[in-house]
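Shown next, in structure tokens, is the structure this report addresses.
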Amino acid sequence: WQSSITAGHEKATTRFYEAVKMVGDGKSYPAREAFSDIAKGDDASLAILAKLWLVKLKYEAGKPDKAAEMAEKILKETAHHTAWPQYRDWLTLYLPATDKHEDLLTKKSVYRLTNMERLASAKIREGKLDEATMIYKAIAEDNATPATMRERATLILGTALKAETPPKTAPEKTKEPSTQPAAGL
């Protein structure tokens with residue numbers, strides 16, 4: 001019994017590996033079929049990973065609304081699971097950046113700052129510049145913000161949003177005196 005269980009897990013893992021390889025080889029349709037089969041399997045860890053791949057592939061196929069639907073469904077299905085918080089956080093990246101998901105901004109997740117940036121960007125597209133400014137300021141002032149994201153937020157605040165706090169610029173370099181002799185001497 002134990003060896004048949006182990007063989008089943010090995011077979012599912014091999015199938016998962018092959019599906020990931022198919023994606024790398026540009027064969028996303030057969031990969032989606034394989035991931036769909038794995039998602040229905042008994043191995044819960046591989047099933048959730050397969051579902052994550054299905055969301056990603058749907059998004060990459062130019063169907064962000066479908067990917068968001070799938071992501072929301074998985075989030076609902078796994079709401080009681082505490083073992084997969086990083087997967088649940090990753091799924092939030094596929095949800096639309098709307099006020100409906102604004103609670104993601106306060107939730108301490110791996111992708112909280114990315115979700116904040118996505119929402120701020122959506123606010124700019126909607127013409128809600130005051131709200132975008134508030135979000136970008138929060139990103140720029142958050143100690144957890146990576147330097148490149150902080151720079152981007154500060155740049156957007158100072159340029160596109162013309163916010164009160166202009167971006168910090170590097171001090172101008174002073175000219176060093178030349179060690180070359182002046183021409184004609």
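The structure presented is a predicted model; accordingly, all values stated were derived computationally and were not measured.
- No chain of hydrophobic side-chain contacts below 4.5 Å, direct or via other Ile, Leu, Val, Met, Phe, Trp or Tyr residues, connects Met22 to Tyr17.
- Classification of Glu18 and Lys21 as a salt-bridged pair fails, no side-chain N sitting under 4.0 Å from a carboxylate O.
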message: Does Tyr87 form a side chain to side chain contact (heavy atoms under 4.5 Å, CB included) with Leu49? I'd like the steps, not just the answer.
response: CA-CA 8 Å; Tyr87 300 139; Leu49 290 174; 3.6 Å; yes
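- Distance CD/Glu141 to CG/Leu157: 8.5 Å, rounded to 0.5 Å.
- Rounding to the nearest 0.5 Å gives a distance of 9.0 Å between CD1 of Ile135 and CD1 of Ile124.
- Note that CD of Glu72 is 10.5 Å distant from CG of Leu91, once rounded to the nearest 0.5 Å.
- The two residues Glu77 and His80 come nearest to each other via the heavy atoms O-CE1, 3.3 Å.
- Judged as a ring-ring contact (aromatic ring centres under 6.0 Å, His included), and not counting sequence neighbours, the contacts of Tyr94 are Tyr59, Trp90.
- Using a 4.5 Å cut-off on side-chain heavy atoms (C-beta onward), Met70 and Lys51 make no contact.
- Residues Lys66 and Lys58 approach most closely at CB-CG, 3.6 Å, considering heavy atoms.
- In summary, Glu69 and Lys73 do not engage in a salt bridge, as defined by a charged side-chain N under 4.0 Å from a carboxylate O.
- Put simply, OG1 on Thr159 and CG on Leu161 are 7.5 Å apart, with the number rounded to the nearest 0.5 Å.
- For the residue pair Asn115 and Arg112, no side-chain donor N or O sits within less than 3.5 Å of a side-chain acceptor on the partner.
- A heavy-atom distance below 4.5 Å is found between the side chains of Lys123 and Glu126.
- In this structure, the side chains of Thr92 and Thr114 stay at 4.5 Å or more apart for every pair of heavy atoms.
- Minimum heavy-atom separation, Ala50 to Ala39: CB-N, 3.8 Å.
- Side chain of Thr145 to main chain of Ile139: a donor-acceptor pair is present (N/O by atom type, distance under 3.5 Å, no hydrogens or angles).
- At a threshold of 4.5 Å between non-hydrogen side-chain atoms, the residues Thr133 and Lys137 count as touching.
- Summarising the geometry of Leu95 relative to Ala68, their closest heavy-atom pair is CD2-O, 3.9 Å, with the distance given to 0.1 Å.
- Distance CG/Leu93 to CZ/Arg118: 6.0 Å, rounded to 0.5 Å.
- From Leu113, atom CG reaches atom CG of Asp142 across 5.0 Å, with rounding to the nearest 0.5 Å.
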task: Could you walk me through whether Ile38 and Asp43 pass the side chain to side chain contact (heavy atoms under 4.5 Å, CB included) test, one step at a time?
output: CA-CA 8 Å; Ile38 295 165; Asp43 188 322; over 6 Å; no
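- Closest non-hydrogen pair, Ala138 versus Met116, comes out as CB-CE, 3.7 Å.
- Every ring-ring contact (aromatic ring centres under 6.0 Å, His included) that Phe35 has, sequence neighbours left out, goes to Phe16, Trp53.
- Panel note: side chain Arg125, backbone Ala120; no donor-acceptor pair is recorded below 3.5 Å.
- Under a 3.5 Å cut-off, the side chain of Asp25 and the backbone N or O of Lys27 do not form any donor-acceptor pair.
- Checking side-chain atoms of Ser121 against main-chain N and O of Glu117 turns up no donor-acceptor pair under 3.5 Å.
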